[in-house]
Amino acid sequence: MTLEAQYYFNHPDKIPLGQLFPDSGGAALEILRNLKPALDEFLKDSTVNAGIIKGTAPHLYGYYHIGEDTVIYNDVTIIGPVFIGKGCEIMPGAIIRPYSVIGDGCSIGHGSEIKRSVLFAGAKVASLAFVGDSVLGKSARVGSGAITANRRFDQKDIAIKQLSGAYEVGDSYCGVILGDSARIGANCVTQPGTHIGPYTWIYPMTTVRGFIPRQKRVYHPQSIVMDENEIVELS
């Protein structure tokens, strides 16, 4: 297993707020550690909204930056501090929670929730998904109904197992590291601290944990059973 950011993300220029990206050899999880100071410094008690509001005005709280040509639809809730780049699309009912950073050209689907996460440019989250304490690489995809589980049942700090020993995250919240152009299919669940390499596809309704290397297809073997059914007229 490798934790280095460069393994997962080959386009550091596509991350909003360049200071989030760690120095050479740094762990991808450092992006989350850098979130609070970087975002607080960028906003400095100021708000920018150059986006386009569609329908009912969204619910906006705290300090936030919304870039040009970003379209925000009705019933969206944004709780700052939050950074949203240019040309994004935030669909109805989405929730963007504090210390989230969303890059240019991203899409957040209907009813989805983003919590303390970083999305590189072009990342997309489909409808009714939860992305928490996570980093999504350039053009990564999270399918409808997917859950990035971000906390253990016992609420203890998360440790990531490696051959060299456990890597202590130093936090009880940690979602997924999803590499460039990787995909998580509909209704998937990633367990806390999961690392998924670039160009890997997690097929729908699959649960994963730990380290998934780059350029893999991951799915559970499934068989379909067909039995005869009675005729029941439904009202």
* Side chain of S112, backbone of A94: donor and acceptor closer than 3.5 Å? -> no
* Asked: Distance from I53 atom CD1 to I72 atom CD1, nearest 0.5 Å?
  -> 4.5 Å
* Kindly write out the residues that satisfy side-chain hydrogen bond (donor to acceptor under 3.5 Å, both in side chains) with S144, not counting sequence neighbours, or none if the list is empty. => S127
* Asked: Can you pull the side chain to side chain donor-acceptor pair (under 3.5 Å) pairs that have at least one residue in residues 222-235, sequence neighbours excluded?
  -> none
* Kindly state whether the ring of F211 and the ring of H195 have centres lying under 6.0 angstrom apart. => no
* Side chains of D40 and Y99: is there a donor and an acceptor less than 3.5 Å apart? -> yes
* Just by distance, do the side chain of T200 and the backbone of Q215 share a donor-acceptor pair under 3.5 Å? -> yes
* Measure from the side-chain N and O atoms of R97 to the backbone N and O of I95, and report whether any donor-acceptor pair falls under 3.5 Å. => no
* Structure fact -> Using a 4.5 Å side-chain heavy-atom cut-off and chaining through intermediate ILVMFWY residues, the residues clustered with Y203 come out as W201, Y219
* May I ask you to say whether D133 pairs ionically with R116, meaning some side-chain N is under 4.0 Å from a carboxylate O? => yes
* Side-chain donor or acceptor of N187 paired with backbone N/O of A146 under 3.5 Å -> no
* 4.5 Å side-chain heavy-atom contact, F9 and I31 -> yes
* Is there a donor-acceptor pair closer than 3.5 Å between any side-chain N or O of T194 and the backbone N or O of Q191? -> yes
* Linking I/L/V/M/F/W/Y whenever their side-chain heavy atoms sit closer than 4.5 Å, directly or via other members, would L39 and I102 fall into one cluster? -> no
* Supply the atom-to-atom distance D13 CG to K138 NZ, rounded to the nearest 0.5 angstrom. => 9.0 Å
* Asked: Between H11 and F120, is the ring centre distance below 6.0 Å?
  -> no
* Does R214 offer a backbone N or O that forms a donor-acceptor pair with the side chain of Y7 under 3.5 Å? -> yes
* Asked: Applying the 4.5 Å side-chain criterion to the ILVMFWY set and letting contacts propagate, would I212 and V131 be lumped into a single cluster?
  -> yes
* Axial cation check for Y199 ring with K216, 6.0 Å and 45° limits -> no
* Give a yes or no on whether M91 and V76 share a hydrophobic cluster (residues Ile, Leu, Val, Met, Phe, Trp, Tyr; joining criterion: side-chain heavy atoms under 4.5 Å apart). => no
* Are V169 and D157 close enough, and set up right, to give a side chain to side chain contact (heavy atoms under 4.5 Å, CB included), and what steps lead you there? -> CA-CA 7 Å; V169 173; D157 281 1; over 6 Å; no
* **Point-to-point distance, once rounded to the nearest 0.5 Å, from CG of L29 to SG of C174** => 4.5 Å
* Asked: When rounded to the nearest 0.5 angstrom, what distance separates CD1 in I177 from CD1 in I160?
  -> 7.5 Å
* To do: Kindly say whether G93 contributes a backbone atom to a donor-acceptor pair with the side chain of D75 at under 3.5 angstrom?
  => no
